[in-house]
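It should be emphasised that the depicted structure is a prediction, and the values quoted were computed from it without experimental measurement.
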Amino acid sequence: MTDPYEAEKAWAAQDPDATTREQLEAAIAAAETGDADARAQLAEWFGARLEFGTAGLRGELGPGPNRMNRVLVSQAAGGLAAYLLSREPSPSIVIGYDGRTNSEVFARDTAVIMAGAGVRTTLLPRHLPTPVLAFAVRHFDASAGVMVTASHNPARDNGYKVYLGGADRGSQIVPPADADIARAIHQVALAPIDELPRSTDFVVADDSVVDEYVRLTASLGNSPAPLTFAYTPMHGVGWETARAVFAAAGFGEPAVVPEQLEPDAAFPTVAFPNPEEPGAMDLALAKAAEVGADLAIANDPDADRLAVAIPASTGWRRLSGNEVGWLLGWRAAERAGVDGVLGASIVSSPGLRAVAQHYRLEYKDTLTGFKWISRVPGLSFGYEEALGYLVDPAKVLDKDGISAAVDFLALASELKAAGSSVEEHLLAFAAKFGGFASGQISLRVDDLSDIGRMMAALRTSPPSAIGPHAVDRIDDFIDGFEEYPAGDILRIHLANGARVIVRPSGTEPKLKVYIDASSAEGDGAARIAAATAIVAELDAGMRELLASS
């Protein structure tokens, strides 16, 4: 008789991690006695496989092919090595990792498998921000890079992010590379991972790569007036590198949040280690208020995102990703000259397009994700509303929360020297380019089928109005739209010029709705107020639509 748990036992036999191996063996033993919960758990672990895509791998830690673990990562490393060797005879790779559970273990497993396959391998010296790895791919002229991180995901998750060098210039992978790598991984997964050759003949980089990243990033800084600012790395790996950059740029030492300063894979002070989430910046804002700071800034755990909060007339408030993007984009446009190109994801505010039009610069919308934004030819500045900014494309082709922090600190310092403030600068933006407002609905689900159901309902019964605002037309990207490839995206244009975009999240079990409106009536404050009122009406209308779907 065939053993019903043959695949599970084979996985356990090759798992080098005692924790996940023992979890799996215990579940198998319980399932064999008829335990329904154990059988359900095994079905979840083995009923699907974490698929390798343009975001690489990302998922919850645990045993089996539907979780992040040493077996799955080893298979991914073996497949990626085979892919690189199919592209060139002597490929190279640089590997980085953050402070999450098993990040260093996964990185070292990758290093020994890459070296064993004959790929020239460099491992970064310790846990470091994702932007340092992205920089290192170009710095070492590597064929590829791997960053072991789950960025701002919950503590139980980890991930595997892949970059390509050469013609890709250190950008994240895009199709068809993702599918080619996935096929190679599936081929490797047909055999046990102990059949993969291994070698410790890899190089551990020294600090010179970090020093060069710090030097180039600090060169963006300008501090005509001293600033007092609060900073948190949110239990991640940003502090060491950010501190060195702030000092080299002339901004001095920030007031830090001691409870969140050192890497901690449990992220004990936040429900979600994402500065976008409500409450995530509470400790940073308390510290900023305590020291009378000019602003508060936060990086997410792998420091590729930046959040900014400012003292306003109503108290401390966190700027949206779009607001930071507008101001950094305005700054980039002024220094770009006639040949600059500005770019943003399609779900980001149209405000950056208005900046480009004013300065007669080229503007490009892309699909969501820096794998697309970074590939805009001639890019001077790019951003996405999810707190991602690329202010120095000559150095790194990915979002970088540390370089964005330096650029924003420089802006705040210049405004302070001129007797102005960030709050006043936002009003000046509205007066110059139009008043823009944005909103977002983020629906987290327990059952992923709920997302498909809501998207299907919007397609089969498209709304004629959202709240009091009539719908003009709907762009459906499901089979591709204009120059964009196929994607599960609906873009709803309202008759008043506002816009609503609906899409599933690419990294989390969420349905995301992006709302944008603008106004050109009155002064800066009046324009912002009018646009904000439209966003509020569209928010209420979309919540009602989704609740009934």
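- Gln14 places a side-chain N or O within 3.5 Å of a backbone atom of Ile193 that can act as its donor or acceptor partner.
- Partners of Asp17 under the salt bridge (Lys or Arg N to Asp or Glu O under 4.0 Å) rule, at least two apart in sequence or in another chain, do not exist in this structure.
- Remark: the Asn158 side chain and the Thr149 side chain contain no N/O donor-acceptor pair separated by less than 3.5 Å.
- Between the side chain of Arg58 and the backbone N or O of Asp157, no donor-acceptor pair lies under 3.5 Å.
- Side chains of Thr54 and Asp178: a donor-acceptor N/O pair is absent below 3.5 angstrom, by distance only.
- Listed for the Ser548 side chain is a donor-acceptor partner under 3.5 Å among the backbone atoms of Leu545.
- From Thr101, atom OG1 reaches atom CE of Met68 across 12.0 Å, with rounding to the nearest 0.5 Å.
- Arg375 places a side-chain N or O within 3.5 Å of a backbone atom of Lys371 that can act as its donor or acceptor partner.
- Distance alone, capped at 3.5 Å, places no donor-acceptor pair between the Arg503 side chain and the Asp488 backbone.
- Looking at Arg305 and Asn299, their side chains never bring a donor and an acceptor atom within 3.5 Å of each other.
- Under the rule for a side-chain hydrogen bond (donor to acceptor under 3.5 Å, both in side chains), the partners of Tyr383 that lie at least two apart in sequence or sit in another chain are Asn322.
- In this structure, Arg317 pairs ionically with Glu323, as a charged nitrogen and a carboxylate oxygen lie closer than 4.0 Å.
- Side-chain N or O atoms of Ser92 include one that pairs as donor or acceptor with a backbone N or O of Ser143 at under 3.5 Å.
- Looking only at atom types and distance, the side chain of Thr33 has no donor-acceptor partner in the side chain of Asp35 under 3.5 Å away.
- Under 3.5 Å, the side chains of Thr269 and Glu259 contain no donor-acceptor pair of N or O atoms.
- For the residue pair Gln440 and Glu276, no side-chain donor N or O sits within less than 3.5 Å of a side-chain acceptor on the partner.
- With hydrogens and angles left out, the side-chain atoms of Ser151 and Asp300 include a donor and acceptor closer than 3.5 Å.
- If you check the side chains of Asp304 and Thr130, you find no donor sitting under 3.5 Å from an acceptor.
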- Query: Given the rule in the side chain to side chain donor-acceptor pair (under 3.5 Å) test, do Asp398 and Gln172 qualify, once you have shown the distances and angles that lead to the verdict?
  - Reply: CA-CA 8 Å; Asp398 197 10; Gln172 296 175 56; 3.0 Å; yes
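- With sequence neighbours excluded, no residue satisfies side-chain hydrogen bond (donor to acceptor under 3.5 Å, both in side chains) with Gln187.
- Under a 4.0 Å N-O distance rule, the pair Arg21/Asp15 does not qualify as a salt bridge.
- Checking side-chain atoms of Ser348 against main-chain N and O of Ala344 turns up no donor-acceptor pair under 3.5 Å.
- Using modelled atom types, no side-chain atom of Asp168 and backbone atom of Ser171 make a donor-acceptor pair closer than 3.5 Å.
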- Task: Before giving the answer on salt bridge (charged side-chain N to carboxylate O under 4.0 Å, His left out), spell out for Asp207 and Arg126 the whole-Å C-alpha distance, their side-chain angles and the decisive distance to 0.1 Å.
- Result: CA-CA 10 Å; Asp207 273 1; Arg126 57 189 172 280; 2.7 Å; yes
- Task: Run the numbers on Lys395 and Asp400 for salt bridge (charged side-chain N to carboxylate O under 4.0 Å, His left out), then give the verdict.
- Result: CA-CA 10 Å; Lys395 184 195 75 186; Asp400 183 345; 3.2 Å; yes
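- Classification of Lys9 and Glu32 as a salt-bridged pair holds, one side-chain N sitting under 4.0 Å from a carboxylate O.
- Put simply, CG on Leu196 and CE on Met114 are 10.5 Å apart, with the number rounded to the nearest 0.5 Å.
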